[in-house]
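See below for the structure under consideration.
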2 protein chains.
Amino acid sequence: MEHGESGGEEVTAARAEGTNPVAAPSSAATATPTSGPAAAPSSGSAPAHSRGNVFEHTIAALLRAIRLGQYLVGDKLPAERDLAARIKVSRATLRQALSELQTAGIVTVRRGRYGGTFVTRLPSAGDDATEGSIDPAELDDAVRFRHVLETAAARIVASRTLQSAEVEALTTAESECREVFGAPGESAEKFRALDARFHLSIAELTRIPSLVAASASTRDRINALLDRIPFIETNVEHSCAQHGEILDAVLAGDPELAAELAAQHAEGTEQLLRGFLEHQ
Amino acid sequence: MEHGESGGEEVTAARAEGTNPVAAPSSAATATPTSGPAAAPSSGSAPAHSRGNVFEHTIAALLRAIRLGQYLVGDKLPAERDLAARIKVSRATLRQALSELQTAGIVTVRRGRYGGTFVTRLPSAGDDATEGSIDPAELDDAVRFRHVLETAAARIVASRTLQSAEVEALTTAESECREVFGAPGESAEKFRALDARFHLSIAELTRIPSLVAASASTRDRINALLDRIPFIETNVEHSCAQHGEILDAVLAGDPELAAELAAQHAEGTEQLLRGFLEHQ
DNA sequence: GTTCAATGGATCAAGTTCATACCATTGACT
DNA sequence: AGTCAATGGTATGAACTTGATCCATTGAAC
């Protein structure tokens, strides 16, 4: 797969704190009668860089990759020199971040040839989480953007003719996700990672790198929100069933049905989150 | 390997400047899709920080805001202290960037109370552009992602009940864009800025900040590509006509029609770009 | 058991970026 | 004419990142 790295950067830009726009304080939408100079549509803007510490961002990037199932437990991360180049940070900074993960027990490091950094456990909600209550605006944005991205991805992939290897990847992702559900005692983290893998697999088949990047970023935001509410088996079961339906529609080459099912799936998560938000 | 597939790579990503998860911004405007090394279930990756210079990213962010019509010629930018906070860079860095824009004649600065930084002209293609031929992967990614975003935005906004101020903003954006077309001698840059304003106005009405940010970033990438091909009046005329149709569908509250028209509009640009790419 | 390539471990100088003060200018208001 | 608040202009030191270089460890291959 080559991925093309994405081109996208920014998509994420806005999130966390306030989000945004470089621009104008008042958005056009909110009534700004004077059309003069002032009313500029605030196009989201990107923070010129990512601010904060490169160090912290590196930790977050690594955690995200693991949480989203890019590296499963037992997997070996790329060699430090390679990983640093990939994340685009210096090896020194990457090592600081890896050191933290090691201290947290998320990875273990072995020296020597054939050594490397291995994932030993999935990050738990506490390893990363922000405390406090859920920001309604963040929830709304993440959930709705996800709806847009996943609906579109399902529609696009369903209208493509998939190669056997691609079909294989999708079915595997779907079944692994289902299997974890069946096994009792599995962690919410593991389900989330495999769930993310399934959805990101679909996103990848669109062959639109920016869409993949945006989906990954958004999925991670949603997972962070899900970490703040109780893990309910029933929802997982329902989720897995929907995955199966989506997969079938995609393989059957029915774009509109796939899109509709993806929409319903997203709406399920949305209602789950909103339900808890309103009662917190 | 670890889990099969993938080789894994990239940690994440997000585009341009933003980012969050860790991500980073990459350059905002110029997006650099570079197809990376290997492939993994690469969930898009994000550079942990923005690499490059915060300074350069700041310039790019400012140029982008101006190119996308966030600040029109004659507009005053926010005070340095505010702008720096918005872009999330130190005032010192922002000033370096503004200094460049001033040297380039894009903004002028006046001291004292009621002074500030004012936009004096739109950046021309050369102020920013990357030389060389168009990267097919970048074009494909930008154009297809735009298709996804704008189609979804049109559908969403058409299904909302707009407030009078919102309708006003849209119709104004549409007509201003058309007027510029009518006036002879207007620059491609001005049309692009107003064109972007129209589309971003629609994106804003979705009330999904992440969608707005992604649309702005993608629009800028496409504008950068358009800067590399001849500016054709006929296309502008066609574009304006389509804007009118999209606006009508949105105001009429016809989601599917609005989405279809937005799709056609995006496809027009796509074909225009691909046509020149294949002949370059 | 020796060799060797891949990989983690460590250090240091140089360049960036930030944060915080404080100064200078301007023009509306009184 | 004087006042004053908002805004740009300038300076300094701390903190962070990088990039380059060299060291240490490991286990497969010979």
Side-chain angles (χ1 to χ4, degrees), chain A residues 17 25 37 46-62 71 75-103 106-120, chain B residues 1-2 7-9 17 22-27 37 46-62 71 75-103 106-120:
Chain A
E17 335 199 328
H49 58 319
S50 57
R51 217 63 309 262
N53 314 316
V54 173
F55 163 60
E56 287 175 4
H57 283 298
T58 302
I59 289 183
L62 293 172
Y71 303 109
D75 283 4
K76 175 183 157 187
L77 268 52
E80 292 181 352
R81 292 166 178 79
D82 294 335
L83 191 52
R86 241 166 221 135
I87 306 184
K88 305 235 186 83
V89 292
S90 66
R91 197 179 151 214
T93 302
L94 170 64
R95 280 175 57 70
Q96 283 182 56
L98 286 176
S99 175
E100 290 285 309
L101 296 193
Q102 193 172 14
T103 299
I106 294 171
V107 301
T108 52
V109 179
R110 290 209 301 271
R111 299 182 64 166
R113 187 170 185 175
Y114 305 103
T117 307
F118 301 80
V119 177
T120 51
Chain B
M1 353 219 97
E2 328 296 81
E9 335 318 356
E17 326 183 354
V22 154
S26 21
S27 69
H49 59 316
S50 59
R51 221 29 339 189
N53 315 314
V54 173
F55 163 61
E56 289 174 4
H57 283 296
T58 303
I59 290 182
L62 293 172
Y71 302 110
D75 283 3
K76 175 181 157 186
L77 269 52
E80 292 180 354
R81 291 167 178 79
D82 295 334
L83 191 52
R86 242 168 223 141
I87 306 184
K88 305 232 185 88
V89 292
S90 67
R91 195 177 154 214
T93 302
L94 171 64
R95 280 177 56 72
Q96 283 183 58
L98 286 176
S99 175
E100 290 284 310
L101 296 192
Q102 194 173 13
T103 299
I106 294 170
V107 302
T108 53
V109 179
R110 291 208 300 272
R111 298 183 65 168
R113 187 169 184 176
Y114 305 102
T117 307
F118 300 81
V119 178
T120 50

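The basis for the numbers below is simple: all heavy atoms, side chains too, and nothing from hydrogens, waters or symmetry mates. As the structure is a prediction and not an experimental result, all values here were calculated from the model. Below, read A as the first sequence line, B as the second, and so on, with proteins coming before strands; counting in each chain starts at 1.
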Distance-only donor-acceptor hits, side chain of residues 89-96 of chain B, under 3.5 Å, sequence neighbours excluded:
residue, atom, partner, partner atom, Å
B/Ser90, OG, B/Thr93, N, 3.3
B/Ser90, OG, B/Thr93, OG1, 3.1
B/Arg91, NE, B/Glu80, OE1, 3.1
B/Arg91, NH2, B/Glu80, OE1, 3.1
B/Arg95, NH1, B/Glu80, OE1, 3.2
B/Arg95, NH1, B/Glu80, OE2, 2.9

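One interatomic measurement links the two molecules: CD of A/Glu80 to P of D/dA24, which rounds to 17 Å at whole-angstrom precision. Regarding A/Glu56, its CD atom lies at a distance of 15 Å from the P atom of C/dC18, rounded to whole Å. For the pair A/Phe55 CZ and C/dC18 P, the interatomic distance rounds to 18 Å; values are reported in whole Å. The NZ-P distance, from A/Lys76 to C/dA6, rounds to 11 Å in whole Å. Rounded to a whole Å, the CG atom of A/Asn53 is 14 Å from the C1' atom of D/dA14. Taking atom CG on A/Asp82 and atom P on C/dG8, their separation rounds to 9 Å, with Å as the unit. B/Arg81 has its CZ atom 16 Å from the P atom of C/dC18, to the nearest Å.
Of the candidates B/Thr103, B/Leu77, B/Val109, B/Leu98 forms a side-chain contact (heavy atoms from CB on, under 4.5 Å) with just one, namely B/Leu77.
A/Ile59 contributes atom CD1, which lies 11.0 Å from atom NE2 of A/His57 (distance to the nearest 0.5 angstrom). Rounding to the nearest 0.5 angstrom, the gap separating the OG1 atom in B/Thr117 from the OH atom in B/Tyr71 is 10.5 Å.
The side chain to side chain contact (heavy atoms under 4.5 Å, CB included) test applied to A/Thr108 returns A/Phe118, A/Thr120, not counting sequence neighbours.
Side-chain contact between A/Val107 and A/Leu62 is absent, with no heavy atoms from C-beta onward closer than 4.5 Å.
Side chain of B/Lys76 to backbone of B/Gly115: a donor-acceptor contact under 3.5 angstrom is found.
Residues from residues 91-101 of chain A that place a heavy atom under 4.0 Å from any atom of DNA chain C, listed by number: A/Arg91, A/Arg95. Taking every heavy atom of residues 108-120 of chain B and every atom of DNA chain C, pairs under 4.0 Å involve B/Arg111, B/Gly112, B/Arg113, B/Tyr114, by number.
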